[in-house]
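For reference, the structure discussed in these notes is given below.
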Amino acid sequence: MNIQCRHVVLIASLVASAGLPGQGRAEVLVYTSGHADIGLGYADGDLELHWHFSDEAVVGGQTIGGGEKEFGPDEIAARVPSHRERTRPAGSQWDFTGTTAGGKLWVLPIAEDPSAPFLGWATDELTPSDWQSITWSMTDWSIPTGGAFSLWDLDEFGGPQARFSTANPASTMADNTFPAILGSHQHFAWGFTAEGVYDIELTAFGTHTVDGFKSDTATFRFLVGDFTAVPEPSSLTLLGVGLTCMVGGLRSRRNRRAAPVVDEV
């Protein structure tokens, strides 16, 4: 990285640390729209959770461009915009969301909204024949007081099937885990019941046919609704410049294998 880029990334990291509450993460970029996945790779005997962006995704105020890119879990915060606010439907089948019927629910949808993140779950960097299975798990969280986070699928009749829930009623789901479909990717709805910062700790684990049991744990950050801790647009522009400088230094992975998209709606 050249000296000019070093300076820009340093400034961007200071802006990000000042603008985003919590852990003082350096070089945090805000993901605002386009397709991305919580990705899972395998390299040098280790599973690796990461953000995996398509080239049309908007991160740090600019389009990724130039092919797909990957970032570490603590380098990105996904923005759940205020216009994604919805009202929770009636019916006990929605209790896992952690809010009552008619309550507020900010949702990243299963079907793409061009003005919001379209975030999936991907194992298509893995070779299916190398694995007996892979499981996604939510293992911890830090969320706004009074808030709740949930993840759900829809069955063929449009009814929700909970995958994760910080409310976690035992009658709906047992352990905040669900099986991955190897060599593919899936999309679910992401729900948040209050504005603020959500840090969701995820664990992926499975058994490699040669190397045995493997796992990785990482925290992914979401910024929900309107609140003053989010960087101002000028700051996002600066972060976008930092992104341009950072792209050249990203670690490379093998290209994603061609695989079917599993959109369960």
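Just so it is clear, the model here is predicted, and its values are computed rather than measured. No hydrogens, no waters, no symmetry mates; every other heavy atom, side chains included, goes into these values.
Between Phe178 and Gln186, some side-chain heavy-atom pair lies under the 4.5 Å cut-off. Here the side chains of Asp130 and Val210 are not in contact, with every heavy-atom distance at 4.5 Å or above. The shortest side-chain heavy-atom distance between Asp216 and Asp46 does not fall under the 4.5 Å cut-off. By the 4.5 Å heavy-atom criterion applied to side chains, Trp152 and Trp94 are counted as neighbours. Between Met138 and Thr166 there is a side-chain heavy-atom pair separated by less than 4.5 Å. Looking at Leu49 and Ile38, their side chains come closer than 4.5 Å, going by heavy atoms from C-beta outward.
Trp121 places no side-chain N or O within 3.5 Å of a backbone atom of Asp37 that could act as its donor or acceptor partner. Ser33 places no side-chain N or O within donor-acceptor distance of the main-chain N or O of Pro117, the cut-off being under 3.5 Å. Counting only distance, with no hydrogens or angles, the side chain of Arg163 and the backbone of Ala189 share no donor-acceptor pair below 3.5 Å. The backbone N or O of Gly34 sits nowhere less than 3.5 Å from a side-chain atom of Glu56 that would complete a donor-acceptor pair. Checking side-chain atoms of Asn176 against main-chain N and O of Ser165 turns up a donor-acceptor pair under 3.5 Å. Although no hydrogens or angles enter the test, the distance criterion places no donor-acceptor pair under 3.5 Å between the side chain of Lys214 and the main chain of Gly212. Remark: side-chain polar atoms of Arg88 are paired, donor with acceptor, to backbone N or O of Gly91 under 3.5 angstrom.
At a cut-off of 3.5 Å, with distance as the only test, a side-chain donor of Ser115 or His83 sits close to an acceptor on the other residue. At a cut-off of 3.5 Å, with distance as the only test, a side-chain donor of His50 or Glu125 sits close to an acceptor on the other residue. Defined by atom type and a distance below 3.5 Å, a donor-acceptor pair is missing between the side-chain atoms of His52 and His35.
Here the shortest heavy-atom pairing between Gly41 and Leu126 reads C-CD2, 3.8 Å. When every heavy atom of Lys69 is checked against every heavy atom of Gly65, the shortest pair comes out as NZ-O, 3.1 Å. Thr123 and Ala180 get closest at one heavy-atom pair: CG2-CB, 3.8 Å. Here the shortest heavy-atom pairing between Leu47 and Ala204 reads CD1-O, 3.9 Å. Considering all non-hydrogen atoms of both residues, Phe157 and Asp155 come closest at N-OD1, 2.9 Å.
The CH2 atom of Trp190 sits 12.0 Å away from the CZ atom of Phe118 when rounded to the nearest 0.5 Å. The CD1 atom of Ile134 lies 8.0 Å from the CH2 atom of Trp136; values are rounded to the nearest 0.5 Å. Gln161 CD to Phe188 CZ: the interatomic distance, rounded to the nearest 0.5 Å, is 10.0 Å. Atom CD of Gln93 and atom CG of Asp95 lie 8.0 Å apart (nearest 0.5 Å). Atom CG of Leu182 sits about 10.5 Å away from atom CD of Gln132, to the nearest 0.5 Å. With rounding to the nearest 0.5 angstrom, the NE2 atom of His185 is 14.5 Å from the CG atom of Leu40.
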Please evaluate residues Asp211 and Tyr42 with respect to the criterion side chain to side chain contact (heavy atoms under 4.5 Å, CB included), reporting the C-alpha separation (whole Å), side-chain torsions for both, the decisive distance (0.1 Å), and the verdict.
CA-CA 11 Å; Asp211 300 334; Tyr42 190 66; 2.6 Å; yes
For Val80 and Leu223, run side chain to side chain contact (heavy atoms under 4.5 Å, CB included): C-alpha distance rounded to whole Å, both residues' side-chain angles, the deciding distance at 0.1 Å, then the answer.
CA-CA 6 Å; Val80 184; Leu223 310 173; over 6 Å; no
Would you check, one step at a time, whether the test side chain to side chain contact (heavy atoms under 4.5 Å, CB included) holds for Asp55 with Thr63?
CA-CA 7 Å; Asp55 61 0; Thr63 303; 6.0 Å; no
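Listed by first and then second residue, the side-chain hydrogen bond (donor to acceptor under 3.5 Å, both in side chains) pairs that reach into residues 140-151 come to none, sequence neighbours excluded. Judged as a salt bridge (charged side-chain N to carboxylate O under 4.0 Å, His left out), the pairs with a partner in residues 109-122 (not counting sequence neighbours) are, in order, Arg84-Asp113.
Screening Ile200, Ile143, Val197 for a side chain to side chain contact (heavy atoms under 4.5 Å, CB included) with Phe222, the sole residue that qualifies is Ile200. Checked options Val59, Leu29, Leu119, Asp74; the residue passing with Trp51 is Leu119 (criterion: side chain to side chain contact (heavy atoms under 4.5 Å, CB included)).
Hydrophobic side-chain contacts under 4.5 Å tie Phe213 into a cluster, directly or through other members, with Phe205.
Among residues two or more places apart in sequence or in another chain, the ring pair (Phe, Tyr, Trp, His ring centres under 6.0 Å) test is passed with Trp106 by none. For Thr217, the side-chain contact (heavy atoms from CB on, under 4.5 Å) partners at least two apart in sequence or on another chain are Thr139, Glu201, Thr203.
Connection of Tyr198 to Leu151 is established within a shared hydrophobic cluster, with ILVMFWY side chains joined at heavy-atom distances below 4.5 Å, either directly or through further cluster members. Under a hydrophobic-cluster definition in which Ile, Leu, Val, Met, Phe, Trp and Tyr are linked whenever side-chain heavy atoms come within less than 4.5 Å, directly or via other members, Leu108 and Leu202 are assigned to the same cluster. Under the 4.5 Å side-chain heavy-atom criterion for Ile, Leu, Val, Met, Phe, Trp and Tyr, Val58 and Ile76 are members of distinct hydrophobic clusters.
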Side-chain donor/acceptor pairs under 3.5 Å, residues 98-105, sequence neighbours excluded:
none

